[in-house]
Amino acid sequence: DQTVRWLVLAEILHLGNIQFAEEGASSSTGQPSVRVKDDKVLQNVAHCLACQPKALATALTSRSISTGTSRRVSTINVPLDSVQAGYSRDALAKSLYERLFQWIVTKVRVMAWMSM
């Protein structure tokens, strides 16, 4: 259990090291797009999260919009600028931290309940 907690904390700290660089305007939207500056940092975070670096980079630098219902669903990927990508990175870190905190609180409650 303690090893898992340390791993999640390491993920959160490594996430904070991810920085973004502007690439220029996207061909599809005309908006500026970004990429992760340091691939090594991205690979470290992806390894900790047990996901592919490319999938993590896509999740941090673009947002998906789904339109339609049932058979006629379309998904559009919109690139983020560097500020929005930073917000995306921070939201992921906050979510991981929240889940870790909730897990710890649950463990403490169960241990306290069992000791009664």
Residues in side-chain contact (heavy atoms from CB on, under 4.5 Å) contact with [X], at least two apart in sequence or another chain:
X      : value
Trp6   : Gln2, Leu9
Ile104 : Arg5, Leu100, Val108
Lys94  : none
Asp90  : none

Can you measure from [atom1] ([X]) to [atom2] ([Y]) and round to the nearest 0.5 angstrom?
X     : Y     : atom1 : atom2 : answer
Leu96 : Arg99 : CG    : CZ    : 7.5 Å
Asp39 : Lys54 : CG    : NZ    : 12.0 Å
Ile12 : Leu49 : CD1   : CG    : 9.5 Å
Asn44 : Asn17 : CG    : CG    : 9.0 Å
Leu60 : Ile18 : CG    : CD1   : 5.5 Å
Gln19 : Ser82 : CD    : OG    : 11.0 Å

message: Suppose the criterion is salt bridge (charged side-chain N to carboxylate O under 4.0 Å, His left out): which pairs have a residue in residues 56-68, not counting sequence neighbours?
response: none
- prompt: Do the side chain of Thr106 and the main chain of Gln102 share a donor and acceptor less than 3.5 angstrom apart?
  reply: yes
query: Any side-chain heavy atom of Leu56 within less than 4.5 Å of one from Val36?
result: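 The answer is no; the side chains never approach within 4.5 Å.
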query: Within a strict 4.5 Å, meaning less than it, do heavy atoms of the Thr75 and Ile65 side chains meet?
result: no
query: So which residues get pulled into Tyr87's cluster when ILVMFWY side chains under 4.5 Å apart are joined, directly or through others?
result: Val83
query: Given a cutoff of under 4.5 Å between side-chain heavy atoms of I, L, V, M, F, W and Y, with clusters grown through shared members, what are the other residues clustered with Val105?
result: Phe101
List for me each residue that meets side chain to side chain donor-acceptor pair (under 3.5 Å) alongside [X], sequence neighbours excluded, and say none if there are none.
X      : answer
Lys107 : Asp1
Gln43  : none
Thr3   : none
Ser88  : none

- request: State whether the number of non-hydrogen atoms from other residues, nucleotides or ligands found under 6.0 Å of Gln52 atom CD is greater than 12.
  value: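 No.
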Heavy-atom pair of closest approach, residues [X] and [Y]:
X     : Y     : answer
Cys48 : His14 : SG-CD2, 4.3 Å
Leu42 : Pro53 : CD2-O, 3.6 Å
Phe20 : Arg89 : CE1-NH1, 3.9 Å
Val34 : Leu80 : CG2-O, 3.4 Å

- prompt: Do Ser62 and Asn77 have side-chain N/O donor and acceptor atoms under 3.5 Å apart?
  reply: no
Distance-only donor-acceptor hits, side chain of residues 109-116, under 3.5 Å, sequence neighbours excluded:
| residue | atom | partner | partner atom | Å |
| --- | --- | --- | --- | --- |
| Ser115 | OG | Met111 | O | 3.4 |
| Ser115 | OG | Ala112 | O | 2.8 |

